[in-house]
Chemist: 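One structure, pasted below without further comment.
First the proteins, then the strands, lettered A, B, ... as listed; each starts at 1. These values consider heavy atoms only, across backbone and side chains, with no hydrogens, waters or symmetry-generated copies.
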Number of protein chains: 2
Amino acid sequence: MPKETFFNLPDDKRNLIINAAMEEFSKAGYNTASINQICRNSAIPKGSFYQYFTDKLDLYVYIMTLAIEEKIRFFSAAIMEFHNLTLLDQFRLLFIKGMEFAKKHPQYAALGEQFSKENDGTAKLAVITEGNRQSETLFIQMINNAKATGEIDSKVDTSALSLLLQSLNSAVNQYMIDKFGDISYEHAKEDINRFVDSLLNIIFNGIRKKSN
Amino acid sequence: MPKETFFNLPDDKRNLIINAAMEEFSKAGYNTASINQICRNSAIPKGSFYQYFTDKLDLYVYIMTLAIEEKIRFFSAAIMEFHNLTLLDQFRLLFIKGMEFAKKHPQYAALGEQFSKENDGTAKLAVITEGNRQSETLFIQMINNAKATGEIDSKVDTSALSLLLQSLNSAVNQYMIDKFGDISYEHAKEDINRFVDSLLNIIFNGIRKKSN
DNA sequence: ATATTATATGACCACATGGTCATATTGTCA
DNA sequence: TGACAATATGACCATGTGGTCATATAATAT
């Protein structure tokens with residue numbers, strides 16, 4: 001955690017530092033990201049930086065935690081209404097929300113993508129023990145629930161489906177970040193919805209030609 | 001491409017350099033990977049290195065090209081017998097081969113995984129223009145072919161299914177590298193086959209409970 | 001006004017990086 | 001043997017890194 005001095009800073013200055021750090025970590029990975037660069041971009045001297053944070057790792061974990069918290073906050077509303085929805089609609093909501101998140105907070109989304117690529121074991125571990133794993137358990141809960149209600153076939157392998165959904169989720173996010181980086185979301189909204197429906201259609205109905 | 005001097009080297013020495021470079025690039029990413037480290041591990045002086053390669057990038061592209069070529073060689077036999085197989089069996093073969101490849105050549109597989117995470121745009125581009133994109137077009141060919149033969153529903157969205165398969169493929173590879181890094185493949189073979197079948201079953205039949 | 005505490009600051013450190021280059025060594029022809 | 005090219009080598013360079021620290025400044029309390 002950052003030192004008290006950091007939180008005593010005026011909001012402007014604190015946010016400047018946070019933004020510069022997010023910028024850096026969202027495009028560089030833990031080892032390649034540079035503290036000098038962050039200092040330069042937020043116009044604070046090197047010495048001050050180490051008055052605010054103990055470490056590079058300290059900063060990294062803090063920034064990642066902010067992103068994770070924001071994502072959870074963003075999704076929590078959607079998850080609250082899950083019990084009224086079919087599994088298909090739950091998935092649809094999750095995918096659409098994911099894309100909206102990437103569009104609304106590209107910085108946070110980029111941070112998440114960068115984190116999923118992170119090579120430095122220490123950095124990765126430090127973040128994971130801080131903000132706990134949730135997406136995997138969320139998928140598994142949803143699947144088990146839908147099996148119980150008989151909505152999906154109970155013979156479907158839960159962990160296989162979970163892996164499939166997770167990898168699909170991150171692929172779609174990456175796809176969004178790459179392709180719609182600067183295109184207006186509103187403009188592409190219909191295309192995106194169609195694409196999500198195509199994906200979900202495959203997962204729910206399979207690709208095999210129906211016999212009749 | 002490496003300079004002529006490099007190819008004039010005795011095989012032992014050349015392979016030593018190649019192995020050290022693979023080791024480094026498979027665990028570090030282009031920017032973080034260190035030429036000094038590669039020199040140290042292959043016991044060649046810095047000056048000699050630059051007698052063999054013009055650049056860090058030169059080495060990187062060369063190593064990645066080797067890995068790509070090996071992977072193509074490994075898969076080409078399987079792809080040759082595709083026309084005798086149903087799409088399901090084609091996919092199964094592809095997944096199983098992918099896992100066998102990761103097990104037989106963990107170094108190459110790790111290199112590929114590392115490359116898919118690469119941040120440095122220049123490095124990524126240099127490799128892509130060298131060894132051409134094939135997996136995406138392969139999937140699309142397979143899908144279109146199966147649609148033509150009526151094996152899968154022609155209403156299935158080709159690009160959605162292709163994205164799904166690609167992301168699944170890399171997820172499975174990553175899963176393999178992480179989990180079975182040191183466990184014997186033979187020992188886990190049955191589990192792996194079961195898992196692959198579970199995944200393919202979902203994709204072919206969907207997860208929705210059949211009405212009868 | 002004085003003493004005490006909290007910040008701000010940038011020169012500085014040891015180390016690592018990718019890359020160069022003058023020189024030494026070896027190999028190959030005549 | 002001598003001449004010429006190919007190769008080997010490590011000291012060296014500029015630059016960047018994460019991190020430190022003595023000192024300067026500001027804020028607060030007595």
Side-chain angles (χ1 to χ4, degrees), chain A residues 1-18 20-21 23-25 27-64 118-124 126-127, chain B residues 1-18 20-21 23-25 27-64 118-124 126-127:
Chain A
M1 271 297 246
K3 302 181 187 173
E4 208 191 318
T5 318
F6 177 69
F7 294 107
N8 292 340
L9 249 34
D11 288 12
D12 291 0
K13 196 169 178 181
R14 209 175 49 245
N15 287 330
L16 202 64
I17 297 171
I18 291 176
E23 179 77 18
E24 186 72 7
F25 283 125
K27 63 167 88 159
Y30 181 72
N31 275 301
T32 314
S34 155
I35 287 181
N36 286 325
Q37 202 59 242
I38 293 171
C39 288
R40 228 166 284 138
N41 289 340
S42 56
I44 61 162
K46 195 70 162 298
S48 296
F49 179 90
Y50 283 93
Q51 208 101 25
Y52 306 145
F53 305 94
T54 61
D55 249 352
K56 192 187 193 181
L57 191 59
D58 190 25
L59 205 216
Y60 184 72
V61 171
Y62 175 66
I63 293 294
M64 286 303 171
E118 186 52 59
N119 273 322
D120 188 292
T122 318
K124 201 151 198 168
V127 171
Chain B
M1 270 299 246
K3 302 180 186 172
E4 208 191 318
T5 317
F6 177 68
F7 295 107
N8 292 340
L9 248 35
D11 288 11
D12 292 358
K13 196 170 179 180
R14 208 174 51 243
N15 287 329
L16 202 64
I17 296 172
I18 291 176
E23 178 77 19
E24 185 73 7
F25 283 126
K27 63 167 90 161
Y30 181 72
N31 274 301
T32 314
S34 155
I35 288 182
N36 287 323
Q37 202 59 241
I38 294 171
C39 288
R40 229 166 285 138
N41 289 341
S42 57
I44 62 161
K46 194 69 163 299
S48 295
F49 179 90
Y50 283 93
Q51 207 101 26
Y52 306 145
F53 305 94
T54 61
D55 247 353
K56 192 186 192 181
L57 190 58
D58 190 24
L59 207 216
Y60 183 72
V61 171
Y62 176 64
I63 294 294
M64 285 304 170
E118 186 52 58
N119 272 320
D120 189 291
T122 318
K124 201 151 199 168
V127 171

Chemist: Would you give a per-nucleotide map of nucleotides 4-9 of chain D, 5' to 3', where B means the base has a protein non-hydrogen atom under 4.0 Å away, S means only the sugar-phosphate does, and - means neither?
Modeler: ---SBB
Chemist: Could you grab the distance from atom CG of A:Leu57 to atom CE of A:Met64, nearest 0.5 Å is fine?
Modeler: 11.0 Å
Chemist: For the helix from C:dA1-D:dT30 to C:dA30-D:dT1, what angle lies between the axis at the first five pairs and the axis at the last five pairs, to 10 degrees?
Modeler: 10°
Chemist: For B:Asp55, enumerate each residue passing the side-chain hydrogen bond (donor to acceptor under 3.5 Å, both in side chains) test, keeping only those at least two apart in sequence or located in another chain.
Modeler: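 Testing B:Asp55 for side-chain hydrogen bond (donor to acceptor under 3.5 Å, both in side chains), a comparison that skips the adjacent residues, returns none.
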Chemist: Distance check needed: C:dG10 P versus A:Ile35 CD1, whole Å only.
Modeler: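 That distance rounds to 17 Å.
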Chemist: Would you list the atom pairs, donor with acceptor, under 3.5 Å between side chains in residues 6-17 of chain A and any protein atom, with sequence neighbours excluded?
Modeler:
from: A:Asp11; atom 1: OD1; to: A:Arg14; atom 2: NH2; distance (Å): 3.2
from: A:Arg14; atom 1: NH1; to: A:Phe7; atom 2: O; distance (Å): 3.3
from: A:Arg14; atom 1: NH1; to: A:Leu9; atom 2: O; distance (Å): 2.9
from: A:Asn15; atom 1: ND2; to: A:Asp11; atom 2: O; distance (Å): 3.3

Chemist: Among C:dG18, D:dG18, D:dT17, find the nucleotide with the atom closest to the side chain of A:Arg40.
Modeler: D:dT17
Chemist: Rounded to the nearest Å, what distance is computed from the CD atom of residue A:Gln37 to the C1' atom of nucleotide D:dG16?
Modeler: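 One finds 11 Å between C1' of D:dG16 and CD of A:Gln37, rounded.
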Chemist: Are A:Asn36 and D:dT17 close enough that a side-chain N or O sits under 4.0 Å from OP1 or OP2?
Modeler: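 Checking D:dT17 against A:Asn36, a side-chain N or O does come within under 4.0 Å of OP1 or OP2.
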Chemist: Could I get the full list of ring pair (Phe, Tyr, Trp, His ring centres under 6.0 Å) partners for B:Tyr60, not counting sequence neighbours?
Modeler: B:Phe25, B:Tyr30
Chemist: Atom CG of A:Asn31 to atom P of D:dG18: distance rounded to whole Å?
Modeler: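 That distance rounds to 9 Å.
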Chemist: Are B:Asp58 and B:Tyr52 close enough that some pair of their side-chain heavy atoms sits under 4.5 Å apart?
Modeler: no
Chemist: Using whole Å, what does the distance between atom P of nucleotide D:dT20 and atom CG of A:Asp58 come to?
Modeler: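 One finds 12 Å between P of D:dT20 and CG of A:Asp58, rounded.
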Chemist: Rounded to the nearest Å, what distance is computed from the CG atom of residue A:Leu59 to the P atom of nucleotide D:dG19?
Modeler: 10 Å
Chemist: Is any side-chain nitrogen or oxygen of B:Tyr50 closer than 4.0 Å to OP1 or OP2 of C:dT20?
Modeler: no
Chemist: Report the residues that fulfil salt bridge (charged side-chain N to carboxylate O under 4.0 Å, His left out) with B:Lys27, sequence neighbours left out, ordered by chain and then residue number.
Modeler: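 B:Lys27 satisfies salt bridge (charged side-chain N to carboxylate O under 4.0 Å, His left out) with B:Glu23 once adjacent residues are dropped.
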Chemist: Run the salt bridge (charged side-chain N to carboxylate O under 4.0 Å, His left out) test against B:Glu118 and tell me which residues pass, sequence neighbours left out.
Modeler: none
Chemist: For residues 39-51 of chain B, tabulate all N or O donor-acceptor pairs below 3.5 Å that involve a side-chain atom, not counting sequence neighbours.
Modeler:
from: B:Ser42; atom 1: OG; to: B:Ile38; atom 2: O; distance (Å): 2.7
from: B:Lys46; atom 1: NZ; to: B:Asn36; atom 2: OD1; distance (Å): 3.0

Chemist: Figure out the NZ/P separation between A:Lys56 and D:dG16, and round it to whole Å.
Modeler: 15 Å
Chemist: For B:Leu57 and C:dG18, give me the distance from atom CG to atom C1', rounded to whole Å.
Modeler: 12 Å
Chemist: A:Glu24: what forms a side-chain hydrogen bond (donor to acceptor under 3.5 Å, both in side chains) with it, not counting sequence neighbours?
Modeler: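 Not a single residue meets the side-chain hydrogen bond (donor to acceptor under 3.5 Å, both in side chains) criterion with A:Glu24.
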